[in-house]
Number of protein chains: 2
Amino acid sequence: MKKTRNTQKQDYVIDILTNAKHTMSVEAILKAMPIKVNKTTVYRILERFAEKGKVHFVTGEDGKAYYALCNDCNVKHEMHNHIHFQCKSCKKVTCLPYEIEVPELKDFEVQETQFLMIGICDMCIS
Amino acid sequence: MKKTRNTQKQDYVIDILTNAKHTMSVEAILKAMPIKVNKTTVYRILERFAEKGKVHFVTGEDGKAYYALCNDCNVKHEMHNHIHFQCKSCKKVTCLPYEIEVPELKDFEVQETQFLMIGICDMCIS
DNA sequence: TACACTAAAGCAACTTAGTTGCAATAATAC
DNA sequence: GTATTATTGCAACTAAGTTGCTTTAGTGTA
Ligand SMILES: [Mn+2]
Ligand SMILES: [Mn+2]
Ligand SMILES: [Zn+2]
Ligand SMILES: [Zn+2]
């Protein structure tokens with residue numbers, strides 16, 4: 001295992017994601033930071049956390065990456081195969097407690113999954 | 001229904017997607033064009049086709065949109081809830097003939113789904 | 001065939017998520 | 001305290017996708 005260091009900025013990212021109701025984009029995390037942090041730093045912090053299995057991300061329909069803390073994801077299963085929902089109106093991406101039964105694929109070695117359902121959330125239905 | 005016109009460039013896009021083994025990015029479609037076409041044009045052709053249900057797209061883990069012809073998708077089901085696979089190495093996205101049983105969601109009105117599995121394809125395993 | 005109407009295409013400028021290379025900073029070990 | 005190097009900052013860049021406006025070319029009608 002690589003040597004790692006504990007830093008204030010990493011802690012802030014964890015705090016922010018811990019208190020988040022939804023997954024967050026890098027932009028949103030930056031805005032939530034109590035101190036000024038460079039965006040490259042946040043990208044790299046999240047990259048490291050993702051490698052360690054501390055966070056996971058989904059690519060929204062909009063092509064942006066949305067991050068969330070891994071709670072049970074990697075503990076109970078080696079893959080986090082739960083569903084996500086993205087609202088077309090507010091763009092928020094939510095982790096949902098539904099798990100998908102992933103089929104065995106013949107010609108592909110599956111390492112990760114991203115299950116995204118898209119539509120309108122309750123808050124945005126008018 | 002809006003008035004539409006049949007154009008050579010739209011036909012080329014259909015031809016290219018019909019003969020494609022995998023889903024294609026806009027970049028790939030542009031390269032496959034037998035004549036020079038502006039990228040904005042291709043984006044708009046695909047947008048129109050997607051509205052009509054002629055094509056569907058998946059957002060890859062890389063944040064890029066990958067397009068494919070709709071074959072049975074919208075005929076048999078109102079949503080095309082089949083799985084896609086993206087290879088981390090060659091980035092190719094493939095439509096797979098596996099359908100996902102989508103759960104009823106309480107707080108969300110689902111309109112579309114994007115099921116993506118990520119890993120390494122047979123061709124790229126070394 | 002000529003003409004009108006306007007959908008579709010082209011073009012250039014722009015937006016923005018994410019990346020890269022390198023220099024500066026600071027956490028940790030000794 | 002000092003050395004080591006993981007982490008952060010900075011600036012410049014890449015590339016997907018968008019926007020506003022002009023030009024081109026299908027299609028219906030006379
Ligand atoms: Mn999740
Ligand atoms: Mn598909
Ligand atoms: Zn919403
Ligand atoms: Zn591959």
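Letters A, B, ... are given to chains in the order of the sequence lines, protein chains preceding strands, and every chain is numbered from 1.
- Taking the nucleotide of DNA chain C with the nearest heavy atom to each of A:Val26 and B:Lys36, the more 5' of the two is matched to B:Lys36.
- Taking every side-chain heavy atom of A:Gln10 into account, D:dT7 is the closest of D:dT7, D:dA11, C:dA8.
- Counted by atom type alone, A:Gln10 and A:Arg5 present zero donor-acceptor pairs between their side chains at under 3.5 Å.
- Nucleotide D:dG26 holds its P atom 11 Å from the CG atom of B:Asp11, rounded to whole Å.
- Among the heavy atoms of the strands, none lies under 4.0 Å from A:Ser25.
- Proximity of A:Thr41 to the phosphate of D:dG9: a side-chain N or O atom is located under 4.0 Å from OP1 or OP2.
- The residue among B:Lys39 and B:Gln8 whose nearest nucleotide of DNA chain D is located toward the 5' end is B:Lys39.
- Atoms CD1 (B:Ile45) and P (D:dT24) sit 18 Å apart, rounded to a whole Å.
- The two residues B:Phe57 and B:Gln114 have their closest heavy-atom pair at O-NE2, 3.5 Å.
- Taking atom CG of residue A:Asn38 and atom P of nucleotide C:dG21, one finds them 16 Å apart after rounding to whole Å.
- DNA chain D is contacted by both B:Thr7 and A:Arg48; A:Arg48 maps to the nucleotide lying nearer its 5′ end (nearest heavy atom per residue).
- Atom pair B:Tyr43:OH and C:dG10:C1' shows a separation of 16 Å (rounding to whole Å applied).
- You'll find a donor-acceptor pair under 3.5 Å spanning the side chain of A:Arg44 and the base of D:dG9, going by distance alone.
- In the interface, the side chain of A:Arg5 is paired with the base of D:dT5 through a donor and an acceptor atom under 3.5 Å apart.
- Residue-to-nucleotide contacts include no donor-acceptor pair under 3.5 Å from the side chain of A:Lys64 to the base of C:dG18.
- The distance from atom NZ of A:Lys88 to atom CD of B:Gln111, rounded to the nearest 0.5 Å, is 5.0 Å.
- With hydrogens and angles left out, the side-chain atoms of A:His84 and A:His22 include no donor and acceptor closer than 3.5 Å.
- C:dC11 atom C1' lies 13 Å from atom NZ of B:Lys9, rounded to whole Å.
- For the pair B:Leu30 CG and D:dA15 C1', the computed distance is 13 Å after rounding to whole Å.
- Under the 4.5 Å side-chain heavy-atom criterion for grouping Ile, Leu, Val, Met, Phe, Trp and Tyr, B:Val93 is not connected to B:Ile120 through any hydrophobic cluster.
- The NZ-C1' distance, from B:Lys91 to D:dA16, rounds to 15 Å in whole Å.
- Rounded to whole Å, atom P of D:dG17 lies 9 Å from atom CG of B:Asp62.
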